[in-house]
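I have placed the structure first, in the form of structure tokens, so that the comments after it can refer back to it.
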Amino acid sequence: MENREIARMFSDIADILEIKEDNVFKIRAYRKAALNLDGLTRDLAELSHKELLEIPGVGADLAAKIEEYLQTGAMALHDKLKEEIPAGVFTLLAVPDLGPKTAKAIYDGLQVTSLEELERAANEHRLIGIRGIQQKTEENILRGIASVKRGRERQPLGHMLPAALDLVAALKSRAPLERIEIAGSIRRRVDCVKDIDIVATSPDPERVMDAFVNLPQVQTITMRGPTRASVAIREGVQVDLRVVEAESFGAALAYLTGSKPHNVRLREMAVKRGMKINEYGIFRDEDNERLGGANEEDVYRLLGLPFVPPELREDRGEIEAALAGALPQLVTLADIRGDLHVHSKWSDGAHSIAALAEAARQRGLRYLAVTDHSQGLAVARGLTAERLREQALEIEAWNREHKDFRVLHGTEMDIQNDGSLDFPDEVLKKLDIVVASIHSGFAHDRERMTARIVAAMRNPWVSIIAHPTGRLIGEREAYQVDMEQVLQVAGETGTALEINCYPLRLDLNDRYARRAKELGVTVAINTDTHASLQFDTLSYGVSVAQRGWLEKSDVLNALELPELLKRLAAKRKRAGNP
DNA sequence: GCCGTTTTCGGCCCGACTGTTTTCAGTCG
């Protein structure tokens, strides 16, 4: 997947052009294209010239640069610009509040080309005197360097959403609030987020600001004005709070929810219709008359659009779909009928099958599949074929006793290094469902990894591929795999792909989920529960599905039990097995 | 550099806060 690499190159070009004080709109064009490439569901290498031009923000010139890179492995403009400006200069841009102008001035004045040199220069007070820098700015730069060193850029949604909810609760208990919402990428349910945005209304904004910057979670106050404040909480996570008038709440919420490219599109549409959108509302140009803004719906209504759910706001086609009245009816948590990937005490889970079934039923589910690990995964106490037979007896007995909930018998079977499976077909055919996945040999090359997964999908008894890319957010990159091929074969063979709900996995991610839908591949939203409390992570997987535009009909475990069983049987039949 | 329900040329989203200014530039979201 060269998308990310090319996006990064465009972003580098934008940075350098900014330092060189080139045309701001040209810079913006490179940034916009970089963002859009990052959000693409397809590999650039697979797209025709015509398809490249259809990418928003990519015209003849940038399409040529993409093709140049795909064909030669290099981009002449990128290389040339990097020669002009030492690489270290734009590493300075990583420092908060230090932008291109300051980076250039510091480089011109002191030839500083790395963070270490910058830190030394600041400690020796050599920055003072450079255009626009006095003591305060120098101190801020030192603080900024410290925060860069602390690192931890983005954190998983599974950590940040609870932290945000915690802040909201704390704020509510300490200041008078009317409305308060978490906005930003958390509200869009992006799987990995950088900061926390909160928007609120209050009869006493001043007190809210006071309470906010004095919250026990707060470590440093970055900025504090009458309507806006910014702080850092533990682990250096930035939290922004905006307090607005009630008549502006919806506009502010929309603005702070983003995404930025989505907002830019809305504002452009407003301009064309003789209106202006900002965080205070939506206004008529001619007389500055307020047309709306108290509620988020106003913004969309006044542009002639249906409400666009936050999960879709990425400028990945949602505005066009809204204009055409073709927004998807997104799958919801309430649509989920069961969980098809669950571990019990039989392998590495914490709870009995009975306890798991009860916990699932309490959450409104109607079935679950017990899919303990297979024998090859010894560290997880994987089951042999014989233990699997014993387990079947326990499940049969439980089902005989309970008529309002169904436990399916399955396995999470290892796909071995050579692409073979951990159980023979004779074992698999006795199970209700077979989940296959990779737990070892992550370092194999792309061809081999792809071949392993494809081979598993071609087995008629394999129902679902679990956590198809193997990533662990912040801990382990996805293994090298040709996901386009995996998705294609999933479609051909009628194999479902999983969105794993574990907050560090969320695998498939939103983009692959969207591509799955495009290819007609069914997706299963599974918790991979190892302890009954983990059923609560279902909402994270549903969010990924929503960001992937999935509807109820795209989701395997949104089916009622009889339809699910039919669907599972369909692949076996297609392969000529009863 | 991109783009077209006023346009193939002339536009291109909008505002808060800080630090350094004595009216505003830089940065960020």
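A note on names: the letters A, B, ... follow the listed sequences, proteins ahead of strands, and every chain is numbered from 1.
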When we call it a touch if two heavy atoms are under 4.0 Å apart, what does Arg265(A) touch: a base, just sugar-phosphate, or nothing?
nothing
Could you tell me whether the side chain of Thr201(A) and the main chain of Arg179(A) form a donor-acceptor pair under 3.5 Å?
yes
Nearest whole Å is fine: how far is dG4(B) C1' from Met269(A) CE?
14 Å
Checking side chain to side chain donor-acceptor pair (under 3.5 Å) against Glu18(A), which of Arg31(A), Lys26(A), Lys104(A) comes through?
Arg31(A)
Starting at the 5' end of DNA chain B, which residue's closest nucleotide do you reach first, Gly225(A) or Asp240(A)?
Gly225(A)
Judged by nearest nucleotide, the residue sitting upstream toward the 5' end of DNA chain B, Lys32(A) or Val95(A), is Lys32(A)
Ion pair check, Arg188(A) and Glu314(A), cut-off under 4.0 Å:
yes
Check the distance between dC14(B)'s P and Glu279(A)'s CD and give it to me in whole angstrom.
11 Å
Base, sugar-phosphate alone, or nothing: which one does Ser230(A) contact when heavy atoms must sit under 4.0 Å apart?
nothing
Please check if the number of heavy atoms outside Tyr300(A) that lie under 6.0 Å from its OH is greater than 12.
yes
Which is true for Val58(A) with a 4.0 Å heavy-atom rule: it touches a base, it touches only sugar-phosphate, or it touches nothing?
sugar-phosphate
Could you state the CZ-P distance from Arg224(A) to dT18(B), rounded to the nearest angstrom?
10 Å
Please measure how far the C1' atom in dT21(B) lies from the corresponding atom in dG26(B), and state the result in whole Å.
12 Å
Note: Glu484(A)-Arg511(A) ion pair, threshold 4.0 Å (strictly below):
no
With a 3.5 angstrom cut-off on both distances, give the Watson-Crick or G-U wobble partner of dT8(B), or none if there isn't one.
none
Does a sphere of radius 6.0 Å around CD in Glu477(A) hold more than 12 heavy atoms from other residues, nucleotides or ligands, not counting ones at 6.0 Å or beyond?
no
CD/Gln135(A): more than 12 non-hydrogen atoms of other groups inside 6.0 Å:
no
Determine: side-chain N/O of Asn263(A) to OP1/OP2 of dC13(B), distance under 4.0 Å, yes or no.
no
So do the side chains of Leu303(A) and Ile277(A) get within less than 4.5 Å of each other, counting heavy atoms only?
yes
Interface residues of residues 9-22 of chain A with DNA chain B (non-hydrogen, below 4.0 angstrom)
none
By the 4.0 Å heavy-atom rule, please label Ile277(A) as base, sugar-phosphate, or nothing.
sugar-phosphate
So if I take residues 246-262 of chain A and measure heavy-atom distances to DNA chain B, which residues fall below 4.0 Å?
Tyr255(A), Lys260(A)
Kindly indicate, with the supporting measurements, whether the criterion side chain to side chain contact (heavy atoms under 4.5 Å, CB included) is fulfilled by Gln238(A) and Ser230(A).
CA-CA 7 Å; Gln238(A) 182 174 317; Ser230(A) 187; 3.2 Å; yes
Taken to the nearest whole Å, CD1/Ile55(A) to P/dC2(B) is 12 Å
